[in-house]
Amino acid sequence: MNVIRITIDLTVEDIEAANAFYSDYLGLDGQDMGLDWVTRFVVPGSGEHLQRVSRDATASENPKLTVKVDDVDGAYSGAVRRGYELVHPLTTEPWGIRRFFVRAPDGTVLNIAQHSDT
């Protein structure tokens, strides 16, 4: 498994209420992800980004980070083999992501994900 990208996931009460801060004040480009519970903001020209999450659609807990990988099944097997706590099972979500959530030893919940078309 190789890590492709890491995204910070900020939990917010109301995604719409924070739009002015992230887009108008900070000047980040908002990306509509087609989901009402998560939105992404990107630094123009660099591609650096963060996501704001109100309440994950299928998991019981919001992650702090999303780690995109090239082999989510291998990542899942490695987490199980090492005995890490699984917070959300390996699932192919309706929006095209195959993912699971794992709790790191420091308590941080990570969303380990791969686009299901790759």
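- Sorted pairs that involve residues 38-55 and meet salt bridge (Lys or Arg N to Asp or Glu O under 4.0 Å), not counting sequence neighbours, are lacking altogether.
- At least one side-chain heavy atom of K68 sits under 4.5 Å from a side-chain heavy atom of I97.
- Side-chain contact check for N62 versus W37: every heavy-atom pair is 4.5 Å or farther apart.
- Linking Ile, Leu, Val, Met, Phe, Trp and Tyr residues whenever their side-chain heavy atoms come within less than 4.5 Å places L110 and V3 in a single cluster.
- Separating the CG atom in L65 from the CG atom in L10 is a distance of 9.5 Å, to the nearest 0.5 Å.
- Atom CG of L28 sits about 10.5 Å away from atom OG1 of T39, to the nearest 0.5 Å.
- Side-chain contact between I8 and K64 is absent, with no heavy atoms from C-beta onward closer than 4.5 Å.
- D9 pairs by the side-chain contact (heavy atoms from CB on, under 4.5 Å) definition with T7, Q51, V53, P63, T66, not counting sequence neighbours.
- Under the 4.5 Å side-chain heavy-atom criterion for grouping Ile, Leu, Val, Met, Phe, Trp and Tyr, V67 is connected to F100 within one hydrophobic cluster.
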For a quick test of your reading: what N or O donor-acceptor pairs under 3.5 Å do the side chains of residues 74-83 make, sequence neighbours left out?
| from | atom 1 | to | atom 2 | distance (Å) |
| --- | --- | --- | --- | --- |
| S77 | OG | D73 | O | 3.1 |
| R82 | NH1 | G78 | O | 3.2 |

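- Residues passing the side-chain contact (heavy atoms from CB on, under 4.5 Å) test with T92, sequence neighbours excluded: R98, S116.
- Under the rule for a side-chain contact (heavy atoms from CB on, under 4.5 Å), the partners of D106 that lie at least two apart in sequence or sit in another chain are A104, T108.
- One hydrophobic cluster, built from ILVMFWY side chains closer than 4.5 Å, cannot hold both Y84 and V87; they sit in different ones.
- If you take CG on L50 and OH on Y22, they are separated by 6.0 Å, rounding to the nearest 0.5 Å.
- Every residue meeting the ring pair (Phe, Tyr, Trp, His ring centres under 6.0 Å) condition with F21, not counting sequence neighbours, appears here in chain and number order: Y25.
- For the pair V69/I4, no side-chain contact is recorded, criterion being any heavy-atom separation below 4.5 Å from C-beta on.
- Side-chain atoms of N2 never come within 3.5 Å of backbone atoms of D70 as a donor-acceptor pair (strictly under, hydrogens ignored).
- Cluster membership for I6 and V109, using ILVMFWY side-chain heavy atoms within less than 4.5 angstrom, is not shared.
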Give the intermediate values and the outcome of side-chain contact (heavy atoms from CB on, under 4.5 Å) for residues R5 and H49.
CA-CA 10 Å; R5 180 177 69 210; H49 60 279; 3.1 Å; yes
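- With a 4.5 Å cut-off on side-chain heavy atoms, F101 and D56 count as touching.
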